[in-house]
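One structure is given here, and the rest of the page talks about it.
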Amino acid sequence: MKVPLLDLAAQLETIRDEVVPALMEVVESQRFIMGDQVRRLEEGVARHCGVEHAIACASGTDALLLSLKTLDLRPGDEVITSTFTFFATAGAIANAGGTPVFVDIEPGTFNLDLAAVEEAITPRTRAIVPVHLYGQMVPMERLLPLADRHGLAVVEDCAQAIGARRLIDGAWQQAGRLGTTGAFSFFPSKNLGGWGDGGMIVTRDVARAERLGKLRVHGGAKQYHHEEVGTNSRLDTLQAAVLLAKLPHLDAWNAARREHARLYAEGLEGVDGVTPPPTDRANEHIFHQYTIRARRRDDLKEHLTRAGAGCAVYYPKCLHLQPCFAPLGYRDGQLPEAERASLEVLSLPVYPELTAAQRDYVIESVRGFYG
Ligand SMILES: Cc1ncc(COP(=O)(O)O)c(C=O)c1O
């Protein structure tokens, strides 16, 4: 049997009749730039997230970068984030003119260790970028008061967490809703993926929303009038049409991922050598990735690959140890939980269209390895 890590072709079969006509509508209109679908997608995502404002842009990376640009960072300003995330999180901080300050993770959820965040705050700290990794949220009810006490902005990296929620004071709060801004990615593999690159910023702050709306079109609301230097980071109308057609499916897709995760946990129970991913009790996880810890991870990965069961390591090298950040002076062993995770994690197929037989095959293949 072959089980890909992700099967977008299987998803296409379920939505072709909705997406293709939506694309053809854009083609017929020939309105490829900032067509009506972009505005409708912004409204749809804002509603889904429970915020007033959403600003579409060209990628998740740009959603982070533009968010950070609104903080007007100056050389030497520090932005605290996780070392265990996709490169874009820290790349955006550097490109916005800030200095990334990497902190360790909490070993259960793989998310930022908030005690480490507190210790990392200095007089130069301007912001924190929590990453809701693999699809479950950082405890925002603890992070936000900490940020408030120190006057720091909070840019949520929600690239892997669209639709994730956390129960805070008896109310569900969506990823992206509580921060200064929330940055989403529509990279094709994401839980809500386009047919190309795309991103979205959400915020409850009207002034920031207006500024972001300008920054994505060269810094001016009026054509040929530029209040500041922005960039070209529009979302294509074609991508907005794809995403608008897919958005109504998002909650069901996320629920299907959760059900796969539940059955993986059942199927992997008692396997000596495997730790299934724990979900924080206050979180509704959306399982962008189903990521286990595995003893002899690299051997297991090879075994699964040979068996035709897709798997991947997110992420094999922490950001504080990347060559481009060598001038920041981090050492091997400095952020031990993240470094350990980079040696132990393995993500298994968890896409909504995965069949029970495929899931069972992955479970059996893992069990077979540990004998
Ligand atoms: C945690 C995280 N941050 C940022 C990004 C960047 O998003 P994009 O690829 O849309 O630029 C991604 C996804 O690729 C991601 O997983």
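Counting starts at 1 for both ligands and their atoms, following the listed order.
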* May I ask you to list the atoms of ligand 1 that are less than 4.0 angstrom from any heavy atom of T89? => 3 (N)

* Answer yes or no: is there an ion pair linking R262 with E259, defined by an N-O contact shorter than 4.0 Å? => yes

* Please determine, by modelled atom types, if T203 and T181 share a side-chain donor-acceptor pair under 3.5 angstrom. => no

* Before accepting this row, confirm whether a basic side-chain N of the pair K214/E227 lies closer than 4.0 Å to the acidic partner's carboxylate O. => yes

* **N/O separation below 3.5 Å, V131 to ligand 1** => no

* Asked: If you measure from atom 10 (O) of ligand 1 to every heavy atom of S82, S185, G193, which option wins on shortest distance?
  -> S185

* **Protein heavy-atom partner closest to atom 14 (O) of ligand 1 - residue, atom, separation in Å** => K190 NZ, 3.0 Å

* To do: Taking only heavy atoms of A88 into account, list the atoms of ligand 1 that are under 4.0 Å away from them.
  => 4 (C), 5 (C), 6 (C)

* Asked: Do the ring planes of H303 and F369 sit parallel (below 30°), tilted (30 to 60°) or perpendicular (above 60°)?
  -> tilted

* Asked: Of the choices Y134, F87, F86, F184, which has the non-hydrogen atom that lies closest to atom 5 (C) of ligand 1?
  -> F86

* Of the protein's non-hydrogen atoms, which lies at the shortest distance from atom 11 (O) of ligand 1, and what is that distance? -> T61 OG1, 2.5 Å

* Is there any N or O on T85 that sits under 3.5 Å from an N or O of ligand 1? -> no

* To do: Provide, to 0.1 Å, the distance between atom 3 (N) of ligand 1 and the closest protein heavy atom, together with that atom's residue and name.
  => D157 OD2, 2.8 Å

* To do: Salt-bridge test for R40 and E43: reply yes if a basic N is under 4.0 Å from a carboxylate O, no otherwise.
  => no

* Asked: Would you call E284-R258 a salt bridge at under 4.0 Å N-O?
  -> yes

* Asked: Would you call D62 and R216 a salt bridge, using N to O less than 4.0 angstrom?
  -> no

* Any idea which protein heavy atom is nearest atom 2 (C) of ligand 1, and the distance to it? -> A159 CB, 3.4 Å

* Are D72 and R211 close enough for a salt bridge, meaning some N to O gap below 4.0 Å? -> yes

* Structure fact -> Of all protein heavy atoms, the one nearest atom 16 (O) of ligand 1 is Q160 NE2, 2.9 Å

